[in-house]
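A quick write-up on the structure given underneath.
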Amino acid sequence: MMSPSHSEPVTSILAAHRGQPGALLPILHAVQDALGYVPDYAVAQIANTLNLSRAEVHGVVTFYHHFRITPPASHTIQICCAEACQSMGAERLTRHAEKSLAQVSEGECELHPVYCLGLCANSPAMMIDDQLHARVTPEKFDRLIKKMGDGK
Ligand code: FES
């Protein structure tokens with residue numbers, strides 16, 4: 001059951017957009033910015049406030065890849081899969097990353113492909129949260145993940 005403090009950010013966001021035409025997308029962006037995702041209770045609150053059905057709001061949330069319906073992992077890892085990085089072993093690195101991350105506890109890391117991080121001359125490239133890393137080998141990947149786990 002949702003506590004009042006749980007829904008408070010959503011209530012404030014809805015109040016800030018009261019009466020605004022076409023408010024659904026700005027509200028969804030604001031909720032995701034505040035909470036990291038759009039939880040079910042927010043869908044219900046938004047639907048109720050905008051006089052829409054939950055299915056309509058849920059349909060918009062799931063239509064756009066940007067919106068999440070589950071909480072984000074603690075760390076986001078993006079490996080570049082664009083041409084320069086592919087030619088320098090990004091596929092091998094991705095396979096290694098998938099295996100390595102299978103050992104990490106659930107909800108700690110999520111791995112996503114990305115298409116060019118602007119480090120093409122130093123590929124393969126990846127990003128851990130907002131930190132760029134160049135010339136990433138499987139060994140370097142493991143060191144970075146270990147460091148991340150140690151909170152360094
Ligand atoms: S192609 Fe990977 S950083 Fe540009």
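Indexing begins at 1, ligand by ligand and atom by atom, following the structure's order. In what follows, residues are counted from 1 in the order of the sequence shown.
In this model, a donor atom of one side chain and an acceptor atom of the other lie less than 3.5 Å apart for Asp142 and His96. In the model, Glu8 has no side-chain atom that pairs as donor or acceptor with a side-chain atom of Thr11 under 3.5 Å. Side chains of Glu98 and Thr94: no donor on one and acceptor on the other come within 3.5 Å.
Other residues, nucleotides and ligands contribute at most 12 non-hydrogen atoms within 6.0 Å of the CG atom of Asn51.
For ligand 1, residues of the protein lying within 4.0 angstrom by heavy-atom distance are Cys80, Ala82, Ala84, Cys85, Cys116, Leu117, Gly118, Leu119, Cys120.
Taken to the nearest 0.5 Å, the SG atom of Cys85 stands 9.0 Å off from the CE atom of Met88.
Judged purely by atom type and a 3.5 angstrom limit, Gln103 has no side-chain atom pairing as donor or acceptor with the backbone of Ser100.
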